[in-house]
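A short write-up of the structure that comes next.
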Amino acid sequence: MTEIIMTGPLMAYAADQLKKRFTVHELWKAEDRAAMLREVGDKVRGVAGGGSHVKIDGSLFDALPKLEIVSNFGVGYDNVDAKEAGKRGLIVTNTPDVLTDEVADLALGLLLATVRQLPQVDRYLRAGKWLEKAYPLTTSLRTRKVGIVGLGRIGKAVASRLEAFGIPVAYHGRTRQADVSYRYYPSLVEMAADVDTLVSVAPGGASTHHMINAEVLKALGPNGILVNVGRGTVVDEQALIEALKNKVILSAGLDVFEDEPRVPAELIAIDHIVLLPHVGSASVHTREAMGQLLVDNLASWFDGKGPLTPVAETPWTKKA
Ligand code: A2R
């Protein structure tokens with residue numbers, strides 16, 4: 001059987017399929033990972049990635065001389081050095097599309113929860129405070145203009161939901177998109193100044209690192225709300241903490257953080273914001289679809305049919 005490495009725990013739905021089809025080495029379980037790699041490294045042809053914070057980079061590739069493909073769980077693959085994989089002629093795949101609607105649904109839920117303070121309202125009722133008086137009035141989605149940072153697959157699904165809610169949408173990215181009529185801002189600071197709500201769905205990695213910084217938050221202003229369902233590294237978390245403490249912006253709804261699963265105590269101490277433990281795609285339905293795509297990419301590759309969803313850095317064209 002073809003031998004592969006799993007770098008972290010995947011849901012049983014996917015892991016059980018992998019174990020039927022491949023000889024699976026569970027890297028994150030090894031007491032001595034280097035020893036495991038020395039022992040099995042020259043037999044391994046595939047990596048099933050995700051589910052852990054093990055970096056899939058040049059040093060892992062060095063230990064796996066027969067490696068052909070990294071099938072990564074999730075649409076984001078900032079845990080994989082895809083550029084380095086490309087240089088070495090390896091294929092990297094991710095799990096796009098199958099989670100788009102789920103994450104977009106969550107983004108709208110998180111936006112509404114933040115604007116209307118739903119977790120705080122729930123806590124208020126449970127604490128018996130409604131018996132004393134009604135919950136104070138909140139801000140509203142009704143008057144808001146939303147700027148989407150990263151109008152990709154998920155960003156577009158967020159935008160179409162916002163349209164249904166009657167909310168004007170603008171976007172920032174590196175390129176204007178011909179197929180949408182939303183206003184495009186080449187400058188993120190200028191967009192932040194013109195809207196009062198930012199929804200970030202941009203990927204992680206060097207090019208987006210701390211893109212939402214103190215200057216952007218200042219431009220967003222005192223009625224501003226930041227929702228982040230993309231990657232935590234896109235936001236300068238320390239600048240965000242300062243902005244929230246000093247009322248530079250009004251509030252935030254965060255599903256992603258810079259150093260997951262560690263969330264700064266300073267954020268946890270701010271009661272009026274909404275914090276979620278990276279659950280954007282975390283339903284049984286969608287996680288199974290993602291797991292299936294991870295398995296299918298490996299199966300397709302080792303059946304000689306090529307990868308199903310290779311990432312941009314490792315394009316693949318079928319040989320004639
Ligand atoms: O920049 P563009 O025009 O290529 O637009 C992409 C945008 N993006 C950026 N925007 C500003 N500065 C950057 N350095 C930058 N790099 C990328 O992010 C594109 O509109 C969007 C990503 O869209 P997709 O590749 O279609 O990804 P998808 O499926 O929407 O997922 C987005 C992210 C994942 O990477 C995970 O981190 C997270 O959502 O789950």
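Just follow the structure's listing: the first ligand is 1, and inside any ligand the first atom is 1. Because the structure is predicted, anything quoted here is derived from the model rather than measured.
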Exercise. Which residue owns the protein heavy atom closest to atom 38 (C) of ligand 1, what's the atom, and how far is it?
Worked result: Gly230 O, 3.7 Å
Seminar exercise, completed: Judged by heavy atoms only, the candidate from Ile154, Val311, Val103, Val149 nearest atom 30 (O) of ligand 1 is Ile154
Problem set entry | Asp122 side chain to Leu118 backbone, donor-acceptor under 3.5 Å | no
Exercise. Between Val98, Ile148, Val201, Asn94, which one has a non-hydrogen atom sitting closest to atom 33 (C) of ligand 1?
Worked result: Val201
Exercise. Under 3.5 Å, is there a donor-acceptor pair between the His210 and Gln238 side chains?
Worked result: no
Problem set entry | For Val75, the ligand 1 atoms whose distance to one of its heavy atoms is below 4.0 Å | 29 (O), 31 (O), 34 (C), 36 (C), 40 (O)
For this session: Compare every heavy atom of Leu250 with every heavy atom of Thr139, then report the nearest pair and how far apart it is.
Result: CG2-CD2, 4.1 Å
Exercise. Any N or O of Thr175 that comes nearer than 3.5 Å to an N or O of ligand 1?
Worked result: yes
For this session: Determine, using heavy atoms of Pro96 and all atoms of ligand 1, whether some pair is separated by less than 4.0 Å.
Result: no
For this session: Taking atom CZ of Arg126 as the centre, report whether more than 12 heavy atoms of other residues, nucleotides or ligands fall under 6.0 Å from it.
Result: no
Problem set entry | atom 7 (C) of ligand 1 - nearest protein heavy atom and its distance | Gly150 CA, 3.8 Å
For this session: Below 4.0 angstrom from a heavy atom of Thr208, which ligand 1 atoms are there? Numbered from 1 as shown, please.
Result: 13 (C), 14 (N), 15 (C), 16 (N)
For this session: Begin with the C-alpha distance, continue with both residues' side-chain angles, and end with the deciding distance and a verdict on side chain to side chain contact (heavy atoms under 4.5 Å, CB included) for Ile5 and Leu37.
Result: CA-CA 9 Å; Ile5 274 181; Leu37 289 172; 3.5 Å; yes
For this session: Test Tyr77 against Glu313 for side chain to side chain contact (heavy atoms under 4.5 Å, CB included), laying out the working first.
Result: CA-CA 11 Å; Tyr77 51 96; Glu313 293 88 339; 2.7 Å; yes
Exercise. Where the side chain of His172 meets the backbone of Tyr185, is there a donor-acceptor pair that is under 3.5 Å apart?
Worked result: yes
Problem set entry | Met211/Leu188 under side chain to side chain contact (heavy atoms under 4.5 Å, CB included): CA gap, chis, key distance, verdict | CA-CA 8 Å; Met211 193 163 81; Leu188 176 53; 3.7 Å; yes
For this session: State, to 0.1 Å, how close Gly76 and Asn79 come at their nearest heavy-atom pair, and which atoms those are.
Result: O-OD1, 4.2 Å
For this session: Name the closest protein heavy atom to atom 9 (C) of ligand 1, giving the residue it belongs to and the distance to 0.1 Å.
Result: Arg174 NE, 4.0 Å
For this session: Could you tell me whether Thr100 and ligand 1 have an N or O pair separated by under 3.5 Å?
Result: no
For this session: Under the side chain to side chain contact (heavy atoms under 4.5 Å, CB included) rule, what do Arg287 and Phe73 come out as? Steps first, then yes or no, please.
Result: CA-CA 9 Å; Arg287 286 288 171 84; Phe73 188 82; 3.5 Å; yes
Exercise. For Met211, is the nearest heavy atom under 4.0 Å from an atom of ligand 1?
Worked result: yes
For this session: Just jot down the ligand 1 atoms closer than 4.0 angstrom to any heavy atom of Leu151, in number order.
Result: 20 (O)
Exercise. Quick one: which ligand 1 atoms are inside 4.0 Å of a heavy atom on Ser207?
Worked result: 14 (N)
Exercise. Does Arg153, backbone or side chain, put an N or O under 3.5 Å from an N or O of ligand 1?
Worked result: yes
Seminar exercise, completed: Closest to atom 18 (O) of ligand 1 (heavy atoms only, candidates Gly152, Pro203, Gly205, Gly173) is Pro203
